[in-house]
Each structure stands twice: as C-alpha cells, then as structure tokens.
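Within every chain, numbering begins at 1; the chains are lettered A, B, ... in the order of the sequence lines, protein sequences first and strands thereafter.
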Amino acid sequence: MENKTVADIFSEIADILDIQGENPFRVRSYRNASRTISDLSQSLEALVRAGKDLEEIPGIGKSIGEKIREILSTGKCGLLEELRSRVPAGLTELLKLEGLGPKKVKVLFEELEVDSVDRLEKAARAGRLRNLPGMGLKTEEKILKSIEHYRAGMGRFKLSVGFQFADALLRYLEGTPGVKRLDPAGSFRRRRETIGDLDILATCGKGCRVMDRFTAYGEVAEVLARG
DNA sequence: GCCA
DNA sequence: CAGTACG
DNA sequence: TGGCCGCTACTG
C-alpha cells in the first residue's frame, strides 16, 4: 500500500473531526501526520517490515502509529469508518471549495441542510446564504465563484496522463492517408499543468477521411456528433 | 492528537 | 473588533 | 501537565 493512501485517510479524518468541531489541535495532529507521511521518502510498509518504530517519525505518536499498523494490515481504519457513518458524505467535499472551512460547512449543513456542492449552489442562487452568521452578500458571491472554479477543475487530469493518451492518438492518426499535419493545440500544447481535454488540429487534403478514422479509434466510447 |  | 480561512 | 503559527489576510 502506498503512503499516499495512508495519508489520505488521516486527511479525511482531520476533515471530519474539523467539521464536528473537535479540538483543533487534535485535528492538526492528523493533518500534520498526513503531510509528514506523504512527504516521507521511505514507504511505511518497508519501515514496518524492517521492524522500525513508527513513533520515531516526528508527529507520529502512539495513537496514530497504531492506526498506521491497522491500515497497513487490514486496509481500513476503524476510526474513519466510524466518523464517516456519522457525517453526510458530501460535507468533506464542500471543504475543497475555496473560502469554505469546517465552521461554515457545519453552519450550512445545520441551518440549510446543505450536504453537497449541488445543494450549496441552489441555496446560494436563492440568496439564502447572506443571512447566515458570518456570511454576507460578498461570501455568497464568492462561494458561487468557488463552485464554478471547482467544477471547471474536477474534470481535468494531469498533463502527464494526457500526454500518454495524446501520443497514442497522434501516432494512430498519422497513418491516415491524405493527412498533411497533426498539431496539438489548446492547454495541451501550452503545457499547462492540468488539462480538461485534448485539442488536436488536423490539416488534410480534400476528401480525406481523417474524421472517420478518428471516430473509429479504439478508445472512443461514444460519438456525440461529428463534422 | 503530539511533544517536551 | 472577533471569527474564520489559509499558507 | 500544558502548549500547540501568524507585526497572517480577509470578512462581516
């Protein structure tokens, strides 16, 4: 199991504890542990196998050390399961929105039964946020912006992933008779860190069947329209 | 929660 | 000013 | 047992 997996578990634990209004320092401990673990150069599994004492890692004490062993051996964490069952699933997702922390998420849920990004958007559009304590017109608008930004970002993937895919696709299209040029375009060509789609500019002679060949590509799941 |  | 989010 | 980041940055 990867360290990242373990780190994510502690991160989620921190999020839920935070929403529940738990002791901030306890929450921070889980956050610290999560960061420490994901930054760790060696794998936890290797350390355990080598008989190392996990508590020697700074920020990891008895409790978290035990949980790490639990996660490594069972693949699950009892505490997290417990916490999840006590809190609506969508709430941790709300924390990812810029400008929304645990306090506001808690209020939104308790006052407006907001337990998802979708419901949050509806409430904001209806102007129901501005009355809540600690929020005004500004925050309402800011939240709508955050939702927009969030949705724009979630359908995206890392450039490295897109590159492999695009590379295969380009090689495939190269074999099409009549094609003069194939050029990557858009955010992919500009080497952005993440991209939402692959733009490919194909220049070809009259009557070239490049689109036929493209829609016939093996990994095309569905053709919505063409031309 | 972890640490001194 | 106090509360909250954030790096 | 008690402390735990901030001449923060921003909002209401």
Starting at atom CG of A:Leu108, determine the distance to atom P of C:dT4, rounded to an integer number of angstrom. 13 Å

Rounded to the Å, how far apart are A:Glu141 CD and D:dT11 P? 12 Å

Between NZ of A:Lys138 and C1' of C:dA5 the distance, given in whole Å, is 16 Å

May I ask you to say what A:Pro133 touches in the nucleic acid, namely base, sugar-phosphate or nothing, with a heavy-atom cut-off under 4.0 Å? nothing

Write down the distance between OH (A:Tyr30) and P (B:dC2), rounded to a whole number of angstrom. 7 Å

Taking any heavy-atom pair under 4.0 Å as a contact, classify A:Glu98: base, sugar-phosphate, or nothing. sugar-phosphate

Measure from CG on A:Asn23 to P on D:dC4 and round the result to the nearest Å. 13 Å

What's the closest nucleotide to the A:Arg28 side chain, out of C:dA5, D:dC5, B:dC2? D:dC5

Sticking with atom C1', work out how far C:dA5 lies from D:dG6, rounded to a whole angstrom. 13 Å

Just wondering, do A:Asn3 and A:Ser38 contact through their side chains at under 4.5 Å, heavy atoms? no

For D:dC5 and C:dT4, measure between their C1' atoms and round to the nearest Å. 15 Å

If you draw a 6.0 Å radius around CZ in A:Arg151, do more than 12 non-hydrogen atoms from other residues or ligands fall strictly inside? yes

Sugar-phosphate only, base, or nothing, as touched by A:Pro24 at under 4.0 Å among non-hydrogen atoms: nothing

side-chain contact (heavy atoms from CB on, under 4.5 Å) partner of A:Phe10, the single match among A:Ile60, A:Asn32, A:Ile71: A:Ile71

Between atom CG in A:Leu95 and atom P in C:dG7, what is the gap in whole Å? 14 Å

With a 4.0 Å cut-off on N to O distance, would you call A:Glu12 and A:Arg84 a salt bridge? yes

Atom-to-atom span, CD1 of A:Ile143 to C1' of D:dC10 - whole angstrom: 14 Å

Within the 4.0 Å heavy-atom criterion, would you say A:Leu132 contacts the bases, only the backbone, or no part of the nucleic acid? nothing

Grab the CD-P distance between A:Glu55 and B:dC3 for me, whole Å please. 8 Å

Using a cut-off of 6.0 Å, state whether more than 12 heavy atoms not belonging to A:Glu66 lie near its atom CD. yes

Tell me what A:Phe25 touches on the nucleic acid: a base, only sugar-phosphate, or nothing, going by heavy atoms under 4.0 Å. base

Distance-only polar pair, side chains of A:Lys67 and A:Ser63, donor-acceptor under 3.5 Å: yes

When we call it a touch if two heavy atoms are under 4.0 Å apart, what does A:Ile60 touch: a base, just sugar-phosphate, or nothing? sugar-phosphate

Testing the 3.5 Å rule here: is there a donor-acceptor pair between the side chains of A:Tyr150 and A:Glu93? yes

At 4.0 Å (heavy atoms only), tell me whether A:Lys142 reaches a base, stays on the sugar-phosphate, or touches nothing. nothing

Are any side-chain N or O atoms of A:Glu45 and backbone N or O atoms of A:Met1, one a donor and one an acceptor, separated by less than 3.5 Å? yes

Nearest to the A:Thr139 side chain among B:dC2, D:dT11, C:dA5, which nucleotide is it? D:dT11

Dot-bracket assigned to DNA chain C with the 3.5 Å Watson-Crick/G-U criterion, [ ] for crossing and | for other-strand pairs, is |||||||

